[in-house]
Amino acid sequence: MDLASSRVDLAPAGVDLAGGLAALRGLLARPLASYYLLISSSGLLLLIGLTMVFSATSVRASAADGNAFAMVAKQALFALIGLVAFWICQRLPARTFRALGLPTLGVAALLLVVLDVLHLWDKLNGDRDAVLGPLEARLLWLYIGPIQVQPSELAKFGLVLWGADMIARKGAALGWWRELTTPLFPVVGLLFLLVGYNDLGTMLCLLAVVVGLLWAAGIRKRVFATLSVFGLIGVGLLVAAASIGAGSSEEGARNYRLARLTMFFNPPPPDECGLTDCYQYLQARYAIDNGGWFGVGLGKSSLKWNWLPEAHNDFIFAILAEDLGVVGCAVVLTLFAVLAYTGLRIARRVADPFRRLAATAATAWLVSQAVINIGGVVGLLPITGLPLPFISDGGSALVVTLAAIGMLASFARAEPDAARALHARPAPRWVRLLWAPLPPLPSARRRGKLPAPAPREPGSGSGTGRRREPEAGPAGGRARRGRAGTASERRR
C-alpha cells in the first residue's frame with residue numbers, strides 16, 4: 001500500500017497549508033518585508049487607537065462641552081504631529097540618531113528635574129498647585145505656558161539613542177565591569193530616580209530598555225543577575241517612598257503603590273471592593289466579561305459611562321474588550337506580536353551595531369509597555385498606570401512612539417538586502433524627496449563581494465579566512481590587538 005495515499009489529510013477541503021506557508025515564507029523573504037510589516041502593523045494600531053479613543057471619550061466629551069469629537073480631535077492632531085515626526089525620523093541616517101542621543105536624554109533629564117522640583121516645592125510649602133512662573137506641574141505632566149509635555153516619554157527615546165550609541169562605542173570592552181559602570185550605570189540610576197519618583201510604571205519600562213540594550217550587546221548572565229538584584233532593591237525603595245509623599249501620594253497617607261501590590265497578590269472578594277484599590281481592576285473585569293467573544297458593538301460600551309476610571313487612557317484595553325470582544329483583543333495582540341517580530345527582525349538583519357542595539361531597545365520599550373498595560377488590565381500583572389502604545393489617549397506618548405517607529409523604518413530600509421533592492425530600482429526623484437532618500441549601500445566587505453585572496457606560497461601562513469568585523473558585545477576577555485587590526489580596532 002502506498003504510504004503517501006494512506007496519510008490522513010488534516011487540513012480542511014480546499015485549504016493548502018503547505019502552499020500557504022510557502023507563500024508566507026516567500027513574502028517574508030522579500031527585501032523590504034521588514035519595512036512593510038512595520039508600517040502596516042503600526043498604522044493599523046494607530047487607526048484602532050483613534051477609533052477607541054473616540055469610543056471611550058465621546059460620552060465624557062459630550063457631557064463636558066456638548067462636542068463628542070472634542071477629545072478625539074485633539075488626539076488626531078497629535079497623531080498628525082506624530083506622523084510628521086515619523087516622516088522626519090525615517091529620513092535620518094544612523095549618524096544623526098547617534099548625535100541626537102545625548103541632547104535628547106539631557107533635555108528629558110532637565111524637564112524631569114524641573115517637574116520633580118516643582119512637586120517637592122508644592123509639598124514643602126503646602127500649596128495646592130505646583131506653579132512657578134510659566135511652569136506648572138500636574139502629576140506626570142509639565143506645562144510650559146500653553147505647551148503640555150510628559151518628560152518621561154521623551155526619556156524613553158533618549159535612553160534608547162544614548163544607550164545604543166554608548167554601548168556601540170565601547171564594543172568588546174563592555175565585557176568589563178568598569179566599562180559598564182562608567183557612565184551607563186550612574187546615568188541610568190539617576191534617570192530611574194527622576195522618573196520613578198513620580199511614575200513607577202515608566203521606570204519599569206526604562207528598565208526593559210536597559211535590559212534590551214544589554215541583551216543585544218551580549219552581556220554575561222552574571223551581569224543580568226546583579227542588575228536584577230539592584231533593580232528589585234530600587235523598586236522596593238520607590239514603593240516605600242510613596243509613604244513619604246513620592247509621586248501623587250502625600251506624607252502620612254496610605255501607600256498607594258504598596259496597596260496595588262497587596263491587592264494583586266491578595267485580592268479581596270468582589271463584594272468587598274467598594275471604592276478601594278481594587279475598584280478599577282474589578283470594573284475592568286466587568287467590561288471584559290460584558291464583551292464576550294464578539295463584543296457589544298463599537299461605541300456601545302456601558303462601563304465608559306463614568307464607571308471605569310481612566311477608561312480613555314490606562315484602561316482603554318478594557319473598553320476595547322467590551323466593544324469588540326475577544327476577537328478585537330486578539331487582533332490588537334496579533335498586531336503587537338507582528339511589531340515585536342519586525343523590530344527583532346530588523347535588529348538581526350542590520351549590520352551596524354548601533355542600529356542593532358537601538359532597534360532591540362525600541363522594540364523592548366514598546367512591547368514591554370504593551371505587556372505591562374494589558375497585563376494590569378486583565379489582572380495578570382499589578383496595575384502601574386502605563387498607557388497602551390498607539391491606543392491610549394495621550395499626545396506626548398503618541399508623538400514619541402511614532403518617532404521611534406520612524407527610526408525603525410529608517411533602519412529597515414538600511415538592511416543590506418533592502419538597500420541593494422532600493423538602489424537597483426530607485427524610485428523617482430520626487431518620491432525620494434517627499435518620502436525618504438536612498439539608504440547607504442552596505443560595504444563590499446559586509447556584502448561578501450571582496451575578491452578572492454591570492455594563493456599563498458608554502459610556509460607563508462595558514463590564515464585564509466576573512467577577518468570578522470568587530471561587534472558590540474563582550475569578548476570574554478581582552479582581545480590582543482596588533483597592528484594588523486582594523487582601523488576601528490586600533491582606535492579602541
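No donor-acceptor pair closer than 3.5 Å links the side chain of W365 to the backbone N or O of T401. Side chain of Q150 to main chain of L142: no donor-acceptor pair is present (N/O by atom type, distance under 3.5 Å, no hydrogens or angles).
In this pair, F54 and F69 present their aromatic rings parallel. The plane angle is below 30°, not in the 30 to 60° band.
For residues 328-347, the set of pairs meeting the ring-ring contact (aromatic ring centres under 6.0 Å, His included) definition, not counting sequence neighbours, is empty. Under the side-chain hydrogen bond (donor to acceptor under 3.5 Å, both in side chains) criterion, no residue pair touches residues 375-395, with sequence neighbours excluded.
Proximity of the aromatic rings of F97 and F411 is defined here by a centroid distance below 6.0 angstrom, and this criterion is met.
Interatomic distance, L32 CG to S34 OG, rounded to the nearest 0.5 Å: 8.5 Å. Note that CD1 of I319 is 7.0 Å distant from CE of M52, once rounded to the nearest 0.5 Å. For the atom pair CZ of R355 and CD of E415, the computed distance is 10.5 Å after rounding to the nearest 0.5 Å.
Annotation for R60: atom CZ does not count as buried by contact number, only 12 or fewer foreign heavy atoms lying within 6.0 Å.
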* **Full working for side-chain contact (heavy atoms from CB on, under 4.5 Å) between F317 and I391** => CA-CA 8 Å; F317 189 76; I391 310 295; over 6 Å; no
* To do: May I have the step-by-step check of side-chain contact (heavy atoms from CB on, under 4.5 Å) for V114 and I144, ending in yes or no?
  => CA-CA 11 Å; V114 173; I144 307 174; over 6 Å; no
* Might you work through the side-chain contact (heavy atoms from CB on, under 4.5 Å) test for H423 and R420, ending with a clear yes or no? => CA-CA 5 Å; H423 279 270; R420 287 194 289 269; 5.9 Å; no
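Looking at V377, V331, I48 one by one, the single match for side chain to side chain contact (heavy atoms under 4.5 Å, CB included) with L320 turns out to be I48.
For R345, there are no salt bridge (Lys or Arg N to Asp or Glu O under 4.0 Å) partners two or more places apart in sequence or in a different chain.
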